[in-house]
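Down below is the structure, laid out as C-alpha cells.
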Amino acid sequence: MNYWSTLQAMQRPSCLALPKTTKDVSIIMTVLTSLRAPFTVKAGGHTAFTGGSNIDDGITIDLVHLNETSVSDDRRTVSVGPGARWVNVSTVLDPMNLAVLGGRDANVGVAGLLLGGGFSFFSSRHGWACDNVRKYEVVLASGKVVYASPLENPDLYKALRGGGGSSFGIVTRFDLEALEQGNLWTNTLIFPSNKYASVAEKFTDLVIKDLDTDLDAHTYFVMINSAAFGGPVALVSFYHSVPPPKDEVPSVFQPFQSLPGAFVNTTLVSNVTTLSKAISNPYGHRRTWSDLSFRLTSAETLNAVIQVWEQANVKMSAAAGKGYFISNLANQPITKSMMTASQKNGGNSLSLNPEDGPLIDAHFSAEWDNPQLDDFMLNTVQEMATSAKEITKREGVTSNFVYMNYAGHWQDPLRDYGEESYKNLQKVSAKYDPEGTLKKLWKDYFRV
Ligand SMILES: Cc1cc2nc3c(=O)[nH]c(=O)nc-3n(C[C@H](O)[C@H](O)[C@H](O)COP(=O)(O)OP(=O)(O)OC[C@H]3O[C@@H](n4cnc5c(N)ncnc54)[C@H](O)[C@@H]3O)c2cc1C
Ligand SMILES: *[C@@H]1O[C@H](CO)[C@@H](O)[C@H](O)[C@H]1NC(C)=O
Ligand SMILES: *[C@@H]1O[C@H](CO)[C@@H](O)[C@H](O)[C@H]1NC(C)=O
Ligand SMILES: *[C@@H]1O[C@H](CO)[C@@H](O)[C@H](O)[C@H]1NC(C)=O
Ligand SMILES: *[C@@H]1O[C@H](CO)[C@@H](O)[C@H](O)[C@H]1NC(C)=O
C-alpha cells in the first residue's frame with residue numbers, strides 16, 4: 001500500500017480488499033456491512049493524518065485497481081476510476097490536447113481531491129474540480145449501485161460536490177467535463193524571507209485587482225521553511241493556460257517581474273503531466289496540516305498570518321534540531337470568478353458566495369521524521385491555524401470556510417459550510433444510508 005504520509009503508512013489493517021470492478025465494490029460493501037466490520041477507503045492515499053484513509057484492526061478497501069481513464073468519442077467527457085492518480089489521467093489526455101479540472105500534483109488521487117473540492121490550474125474559469133463532474137457512479141451502503149448527475153439523484157449529485165464520500169457511499173467512477181487544452185505557461189520565483197512583505201503586497205494586489213480580469217491565470221504563494229533553502233523563503237508560482245509569446249510574461253503577472261531579489265526564476269511551457277511531476281511532493285515523512293480562510297482586503301492580514309507562521313517556525317525548527325523538518329504556509333486565492341463558476345449545475349456543497357470574495361485559503365503544514373515530535377508538531381500546526389483565525393476575526397475579515405482536503409484531524413469542515421449546507425448533507429446522507437451504517441463502520445474522516 002502506498003501512502004503519502006508515514007502516519008498513515010504505519011497503520012496496520014487486519015485485511016485489505018482490492019476490488020477490480022464496481023461489482024466487487026458492491027459485494028465488499030454488502031459483506032462488510034452484514035458483518036458490521038469497521039473499514040476505510042483509500043484512493044490516492046494523500047491524507048496527511050492517521051486514519052484518513054487507513055485503519056488499524058479493520059478493513060482497508062484500496063481502490064488502486066479502479067484506475068481507468070477513458071475519453072468519450074465526442075471528446076467531451078473523461079471517465080476516471082477513483083484509484084487513478086492525476087498523472088495517470090493527464091498521460092492519457094495530454095497527447096489528445098485535452099485536460100480536466102484535477103490535481104496539480106502528479107501522484108494525488110482522483111477520488112479524494114474531487115470529493116472535497118479541488119484547486120486546479122483551470123479553477124479561475126471553471127471553479128473547483130468538483131464543479132466539473134458530470135456524473136458519479138456510487139456504491140451505497142446497501143450495496144446498490146446508483147448514478148448521480150443533474151438529472152439523476154440531483155440531491156446526491158450536489159452532496160458529493162464537496163461533501164466527501166464517507167457520508168454517502170463509495171464512488172466507483174467520475175465522469176468529468178473535458179477541456180480543449182494545449183501546453184501551459186508557468187513561472188516560479190523564490191525570494192529570501194526578508195522579501196516576503198513585498199511579495200505579499202504584490203500578491204494582494206494581484207488577487208484583489210487583477211486575477212479576475214484574466215480567467216486563464218492561476219497562482220499561489222507559499223512560505224517554505226526548509227534546510228534545503230537554509231531557512232524560510234517566499235515562493236510564488238504563476239500559471240497561464242494560454243502561453244504568451246516566447247519570453248513574454250502574461251500581463252497580470254508582470255508586476256512581480258520588477259521585484260528585486262529572486263534567487264530562483266524558472267519559466268516553463270509544457271503539458272500538465274510535466275508540470276504536475278515538477279511540483280510533486282515526495283512520499284514519506286510524518287505529516288500534519290490545518291486550514292483556514294479569510295477575506296483578502298489588504299496585505300496586512302496576509303502579513304500577520306505569515307508572522308504567526310514565522311514565530312511558530314522558530315519554535316519548530318529548534319525542536320527539530322538537526323533532524324528532518326519542513327514547514328509550509330500555502331496561500332491560495334479563491335477568487336470571485338472561481339466562486340461564480342461554482343454556481344453552475346445547481347452549485348456545490350461548499351456554499352461559498354462570490355460576494356464574499358476574494359478569499360485566501362491558508363494551509364499550514366509540517367513534515368518531520370522523529371516520532372517523539374508527533375504531539376508537538378500536531379499541536380503547533382493546530383495552534384498556528386487557531387492563532388491566525390483569531391487575527392482574521394480581530395480584523396473583521398474572517399470566513400468560516402475550511403477546505404476539507406487541507407483540514408486538520410481536529411477540524412469540522414462540513415459543519416463550517418454553514419447550517420443550510422450541513423443540514424442538506426445530513427438529509428442526503430439519511431436518504432441514501434437510512435440506517436446510518438456508514439457512520440458506524442466507515443472510520444475517521446470528515447462526515448456529517
Ligand atoms: C502533495 C499533495 C498535493 C496536493 N495538491 C492538491 C491540489 O493541487 N489541489 C487540491 O485541491 N488538493 C490538493 N491536495 C489535497 C488533496 O486533494 C487531498 O489530500 C485529497 O484527499 C487526496 O485524495 P486521495 O484520493 O489521494 O486521498 P485518500 O486519502 O485516499 O482519500 C481521501 C478521503 O476520501 C475518501 N475516499 C477515497 N476514495 C473514495 C471513494 N471512491 N468514494 C468515497 N470516498 C473516498 C477516503 O476514505 C478519505 O477519507 C494535495 C495533497 C497533497 C498531499
Ligand atoms: C491500473 O491497475 C492495473 C492493475 O493494478 C495496472 O496493471 C495498470 O498499469 C494500472 N493502470 C494505470 C493507468 O495506472
Ligand atoms: C500511474 O501513476 C502512478 C503514480 O505516479 C505511477 O506509479 C504509475 O506507473 C502510473 N501508471 C501508468 C500506467 O502510467
Ligand atoms: C509532455 O511533455 C513532455 C516534455 O515536452 C514530453 O516529453 C511528454 O511526452 C509529454 N507527455 C505527454 C503525456 O504528452
Ligand atoms: C526572471 O527572468 C526574466 C528573464 O530573464 C526577467 O526578465 C525577469 O525580470 C526575472 N524576474 C524576476 C522577478 O527576477
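Read the numbers this way: they start at 1 and go in the same order the structure lists the ligands and their atoms.
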Inset, instruction - Give the residue, atom name and distance (to 0.1 Å) of the protein heavy atom nearest atom 2 (O) of ligand 5. - result: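 Nearest neighbour among protein heavy atoms for atom 2 (O) of ligand 5, to 0.1 Å: N265 ND2, 2.3 Å.
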Legend entry - Proximal atoms of ligand 2 relative to N67 (non-hydrogen, under 4.0 Å):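 Under 4.0 Å from N67, ligand 2 has these atoms: 1 (C), 2 (O), 3 (C), 8 (C), 10 (C), 11 (N), 12 (C), 14 (O).
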Inset, instruction - Would you mind listing which atoms of ligand 2 come within a distance below 4.0 Å of any non-hydrogen atom of H65? - result: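 That gives atoms 4 (C), 5 (O) of ligand 2.
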Inset, instruction - Determine if the distance from atom 14 (O) of ligand 5 to the closest protein heavy atom is below 4.0 Å. - result: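 Given the 4.0 Å cut-off, atom 14 (O) of ligand 5 counts as touching protein heavy atoms.
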Inset, instruction - Look at atom 9 (O) of ligand 5 and say whether a protein heavy atom is found at less than 4.0 angstrom from it. - result: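 Neighbour list for atom 9 (O) of ligand 5 includes protein heavy atoms (cut-off 4.0 Å).
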Legend entry - Mutual orientation of the aromatic rings belonging to Y406 and W289 [parallel < 30°, tilted 30-60°, perpendicular > 60°]: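 Y406 and W289: perpendicular rings.
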Pairs of donor and acceptor atoms involving the side chains of residues 191-201, under 3.5 Å and at least two apart or interchain, shall be tabulated with distances.
from : atom 1 : to   : atom 2 : distance (Å)
Y196 : OH     : E310 : OE1    : 3.4
S198 : OG     : K195 : O      : 2.9

Legend entry - Which segment of L259 sits under 4.0 Å of ligand 5 when only heavy atoms are counted: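 Near ligand 5, L259 shows its backbone, while the atoms from C-beta on stay back.
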Inset, instruction - Report yes or no: do H285 and D369 form a side-chain donor-acceptor pair below 3.5 Å? - result: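 Their side chains do contain a donor-acceptor pair, which is all the 3.5 Å distance test asks for.
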Legend entry - Per-ligand residue contacts, ligand 1, heavy-atom threshold under 4.0 Å: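 Correct list: W4, V41, K42, A43, G44, G45, H46, T47, G52, S53, L63, P82, R104, D105, V108, G109, A111, G112, L113, L115, G118, F119, G165, G169, I170, V171, N281, W289, Y403, N405, Y406, W442, Y445.
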Inset, instruction - Could you list which atoms of ligand 5 come closer than 4.0 Å to a heavy atom of F256? - result: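 Selected atoms, number and element: 13 (C).
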Legend entry - Centroid-centroid distance, Y432 to F168, less than 6.0 Å: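 No, the ring of Y432 stays outside the 6.0 Å limit from the ring of F168, centre to centre.
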